[in-house]
Amino acid sequence: MKPKVFAMFVGPSVFLMLLFIAAPLISVLVNSFQVTQPIVEVVEVETCTPGFLTQTCVTEVKTVPILDDFGKIQTTTKWVGLQSYANVLELDRVGEAISSGAWGNILQIDFWKALRFTLTFTLITLPFVLGLGLAIAVVVNNATKAVKGPVIFVSLLPFIITPVIGALSIRWLFYGDGIVTVWLEALFMTDISVAANGWAVEFLMMFYRVWHVAPFAFVIFYAGLQTVNQDTLESAIIDGASRWDRLRYVIVPHLMPLIIFITLIHLMDAYRAFEEVVGFSSQSQRITLQWLTYDLLQPDDAGNRAISRASASAMLTMIGIVLILILPLRRTWRDHKGG
Amino acid sequence: MFIKKIALAGAVSLFASGAAVACSYENTVPLKSLTAGFEAWKAVTDAMAACGNFEPELDQEFRTKQPAAFAANPSLYHIGGVSNGTVTPLLNEGTIRPLDDLVAKYGQNLSPNQLIRVDGQIMAIAMMVNTQHMMYRSDIFADLGLEAPATYDDVLAAAEAIKDAGVVDYPLGATMKSGWNLAQDFNNMFLGFGGTFYGDDSMPMVNSEAGINTLEMMQKLAVYMDPEFLVSDSTYVQQQFQQGKIAMANLWASRGGAMNDAAESSVVGKVGSSAAPLAMAGGAPATTLWWDGLVIAANISDEEADAAFRLAMEGLTTDMVQANNDAAIWLVNGYQPSDMAAGAIATATAAPAPAPYPSTSQMGLMHTALGNVLPAFFTGEMSAEDALAAVEDAYKTAAEEAGLL
């Protein structure tokens with residue numbers, strides 16, 4: 001292909017990627033080093049509000065922003081270096097916890113609490129997603145033709161359902177007097193409160209993620225299984241390889257590139273976990289890094305939002321994803337060069 | 001499909017509003033509103049919609065949209081629904097207009113109590129008051145010979161008696177979902193113990209005796225609750241009541257109507273209401289007073305503002321209130337307080353009376369800090385002192401970033 005033709009094909013997508021990926025990223029990066037504050041003044045304000053029958057008027061000292069000639073809030077922006085990162089990481093409290101020997105206290109700090117959960121969540125769900133996906137793929141591959149279609153359809157359902165809806169439906173099974181909780185209570189003759197236990201909520205969140213993502217792994221593996229060399233399989237059978245041996249020495253090595261691919265995608269997605277926190281209202285027990293960023297961005301009733309800290313938190317999440325992807329990416333790179 | 005849904009939604013809303021309220025004139029200026037989505041707002045916007053050319057948007061997440069939507073020029077909405085908590089950013093940014101001349105022109109039906117004045121100027125029109133007050137199962141209380149609790153010590157005693165009698169799953173319910181709700185529950189009790197959130201220099205003051213007392217009392221109450229109280233919001237508590245699972249809760253007055261809704265509730269006529277209990281002797285009831293009302297955007301033409309205000313007044317008529325009497329504690333002429341309103345009225349008229357929710361920039365930050373940190377106290381990860389110190393740290397970080405310290 002001529003360079004000019006190539007440029008014409010690629011140009012639009014490069015442009016869109018710069019506009020929608022690079023530009024926002026740079027603005028978040030810049031924001032994480034800046035703090036923009038309104039210029040405020042302290043004034044006495046008399047506010048009259050309704051009681052049930054008569055009004056009550058109170059005079060309060062309030063801090064209010066100063067408006068400019070166009071009615072916009074006047075702001076100042078200053079560079080603060082790594083201050084916002086320091087505010088998110090709270091390294092002084094980490095140091096305090098370490099020096100006092102109370103290591104557990106580190107997990108009382110939002111960022112570290114979120115990091116701990118996000119990493120556990122990502123790394124524990126990964127093998128289950130791969131294992132379950134592969135298992136379903138092998139089972140479906142061996143199923144008789146008549147049931148294959150319906151089985152594939154049912155296996156894909158969790159993946160099709162909107163994430164928050166899926167999370168909510170599992171929540172309703174367990175929270176409060178959810179149907180499963182009622183069964184368990186009848187079975188063990190005891191009162192069970194799922195949402196009051198951190199570990200139980202953590203387990204449900206992981207269970208949901210595996211349930212939701214395994215079908216994706218299944219589809220990829222199922223496609224991969226169709227390309228396994230039948231001759232190799234037959235010769236393996238002739239050589240006396242058991243079903244398990246065939247899976248281990250023929251099928252899995254053949255699927256290795258796909259396993260790496262799913263691992264990459266899953267690590268990226270799970271590290272950005274967010275729906276689980278919303279769906280299971282787990283804020284009091286478990287939070288994720290992505291939720292932390294969202295929470296900082298949400299305006300409170302008075303309209304304040306912590307944009308600088310949210311930017312720093314977003315950048316830290318991105319750095320985390322890069323770090324976690326380095327290992328599998330290096331392997332793919334080596335394979336790529338070797339192949 | 002889409003059209004079908006809209007038509008269906010329209011049919012349902014027509015059906016649900018029951019007594020349709022007629023409009024006294026034909027509105028010709030296209031107008032839009034953004035309000036919260038609870039029952040009272042539905043009643044008011046339905047009455048306004050009867051005048052035509054009006055597009056109401058009812059959204060429980062209105063608080064996150066409203067400041068940006070009203071800051072646009074022209075504003076994306078003409079009429080806004082606010083509470084004393086959410087009006088602050090609009091006032092600070094100057095995106096709502098003074099209403100004095102419009103009140104003089106169209107406000108004959110308004111009582112002086114409804115006019116929210118900031119430095120003498122009318123900035124909003126209140127339509128209802130709301131407060132968290134005691135609701136209890138009057139049948140259970142009568143069976144066990146209990147009086148409506150006047151203090152939180154009474155609440156604990158009553159809870160113990162109900163627990164011993166074993167008539168409900170959990171004696172108490174509370175809106176303690178982590179985040180906004182939990183922080184608000186703390187605020188109620190903290191003010192009841194005479195606490196001050198921050199000083200004149202904006203420095204936090206919650207790590208105080210009142211703060212410790214508050215957390216200790218909340219801890220004592222939590223023993224009698226469903227252990228899942230950290231996911232329990234107003235709707236959850238309302239349903240616990242309706243399904244007969246709890247016997248007491250300090251719940252929003254606007255939820256009172258639902259107790260007697262025969263379609264949902266198994267305890268119709270069995271829920272009584274009384275003032276919010278006192279946290280300490282001689283103090284105000286441990287709660288805050290809220291109002292909900294209407295504002296008009298600043299960034300619209302004077303003609304539109306005129307039409308918007310006239311339309312808003314059509315929403316606050318005596319007819320509307322009479323058709324929806326139990327949807328709220330209305331401030332509009334024609335309201336007849338029902339039994340369920342007794343608790344809210346007793347709360348608001350108590351002496352000393354509870355304070356209105358203190359809506360300021362500092363309070364917004366404090367509310368967020370409380371909502372994020374306090375769950376760790378209730379899950380047992382932090383002591384009361386540590387939790388309150390952590391709240392102060394979180395507040396200071398946020399206040400420095402916001403330029404308030």
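The sequence lines fix the lettering, A, B, ..., with proteins before strands; numbering per chain opens at 1.
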- residues 295-303 of chain A: residues contacting chain B (heavy atom under 4.5 Å, by number): A/Asp295, A/Gln298, A/Pro299, A/Asp300, A/Asp301, A/Ala302, A/Gly303
- Item | Distance-only side-chain donor-acceptor flag, A/Ser311 / A/Ser32, under 3.5 Å | no
- Note on the structure: Whatever's closer than 4.5 Å to a heavy atom in chain B on A/Gln285 counts as side chain
- If you round to the nearest 0.5 Å, how far is CZ of B/Arg117 from CD1 of B/Ile122? 4.5 Å
- Task: For atom CG of B/Asp200, decide whether the heavy atoms of other residues, nucleotides or ligands shown that lie under 6.0 angstrom number more than 12.
- Result: no
- Only residue of B/Leu182, B/Asp185, B/Asp233 satisfying side-chain contact (heavy atoms from CB on, under 4.5 Å) with B/Thr175 is B/Asp185
- Message: What part of B/Tyr236 gets within 4.5 angstrom of chain A, counting heavy atoms only: side chain, backbone, both, or neither?
- Response: side chain
- Could you tell me which of B/Thr379, B/Asp386, B/Ile345 has the largest number of non-hydrogen atom pairs under 4.5 Å with chain A? B/Ile345
- Side chain from CB out, backbone as N, CA, C, O: work out which of these in B/Thr368 comes under 4.5 Å of a heavy atom of chain A, or both, or neither. side chain
- Message: If only side-chain N and O atoms count, and only distance matters, is there a donor-acceptor pair under 3.5 Å linking A/Thr162 with A/Glu275?
- Response: no
- Query: Heavy-atom distance under 4.5 Å to chain A: side chain of B/Leu404, backbone, both or neither?
  - Reply: side chain
- Before accepting this row, confirm whether a basic side-chain N of the pair B/Lys245/A/Asp177 lies closer than 4.0 Å to the acidic partner's carboxylate O. yes
- Query: Who among A/Ile66, A/Thr59, A/Thr49, A/Thr76 has the most heavy-atom pairs with chain B under 4.5 Å?
  - Reply: A/Thr49
- Message: Set out, in order, the CA-CA distance, both residues' side-chain angles and the distance that settles side-chain contact (heavy atoms from CB on, under 4.5 Å) for B/Ser361 and A/Asn304, then state yes or no.
- Response: CA-CA 7 Å; B/Ser361 299; A/Asn304 307 300; 4.1 Å; yes
- Show your reasoning for whether side-chain hydrogen bond (donor to acceptor under 3.5 Å, both in side chains) applies to A/Thr288 and A/Gln290. CA-CA 5 Å; A/Thr288 65; A/Gln290 189 80 345; over 6 Å; no
- Query: Does any heavy atom of chain A fall under 4.5 Å from the side chain of B/Ile329, the backbone, both, or neither of them?
  - Reply: side chain
- Task: Pick out which of B/Trp180, B/Tyr198, B/Phe186 makes a ring-ring contact (aromatic ring centres under 6.0 Å, His included) with B/His367.
- Result: B/Trp180
- Please assess B/Thr288 against B/Gln184 for the test side-chain hydrogen bond (donor to acceptor under 3.5 Å, both in side chains), listing each intermediate value before the final yes or no. CA-CA 9 Å; B/Thr288 45; B/Gln184 183 52 28; 2.9 Å; yes
- Item | chain B contact via A/Val45 - side chain, backbone, both or neither, heavy atoms under 4.5 Å | both
- Note on the structure: Among residues 353-360 of chain B, residues within the sub-4.5 Å heavy-atom range of chain A, in order of number, are B/Pro356, B/Ser359, B/Thr360
- Pick out which of A/Asn31, A/Thr77, A/Thr75 makes a side-chain hydrogen bond (donor to acceptor under 3.5 Å, both in side chains) with A/Thr36. A/Thr77
- A/Val58 portion near chain B, given a 4.5 angstrom heavy-atom threshold: neither
- Query: Residue by residue, which of residues 99-119 of chain A have a heavy atom closer than 4.5 Å to a heavy atom belonging to chain B?
  - Reply: A/Gln108
- Item | Region of A/Asp191 in contact with chain B, defined by heavy-atom distances below 4.5 Å | side chain
- Query: Contact part of B/Ala376 toward chain A, heavy-atom cut-off under 4.5 Å: side chain, backbone, both or neither?
  - Reply: neither
- Message: Between B/Arg63 and B/Ser83, is the side-chain hydrogen bond (donor to acceptor under 3.5 Å, both in side chains) condition met? List the steps.
- Response: CA-CA 10 Å; B/Arg63 70 181 84 215; B/Ser83 72; over 6 Å; no
- Can you list the steps and then say if A/Thr63 with B/Gln362 is a side-chain hydrogen bond (donor to acceptor under 3.5 Å, both in side chains)? CA-CA 8 Å; A/Thr63 312; B/Gln362 287 89 336; 2.8 Å; yes
- B/Val129, part contacting chain A, at a heavy-atom distance under 4.5 Å: side chain
- Query: Just wondering, more than 12 heavy atoms not from A/Leu187 lying within 6.0 Å of its CG?
  - Reply: yes
- Message: Once you measure the plane-to-plane angle for A/Tyr208 and A/Trp211, does it fall in the parallel (<30°), tilted (30-60°) or perpendicular (>60°) bin?
- Response: tilted
- Query: With B/Ala390, which residues qualify under side-chain contact (heavy atoms from CB on, under 4.5 Å), at least two apart?
  - Reply: A/Arg93, B/Val373, B/Met382
- Query: Do A/Leu204 and A/Val194 have side-chain heavy atoms sitting under 4.5 Å apart?
  - Reply: yes
- Against chain A, label B/Gln243 side chain, backbone, both or neither, depending on which of its atoms sit under 4.5 Å from a heavy atom there. neither
- Message: As an exercise: rank A/Ala196, A/Pro50, A/Ala195 by heavy-atom pairs under 4.5 Å with chain B and give me the winner.
- Response: A/Pro50
- With a 4.5 Å heavy-atom cut-off, do A/Ile170 and A/Phe280 have their side chains touching? yes
- Query: Which pair of non-hydrogen atoms, one from B/Ser383 and one from B/Phe377, has the smallest distance, and what is that distance?
  - Reply: C-CD1, 3.9 Å
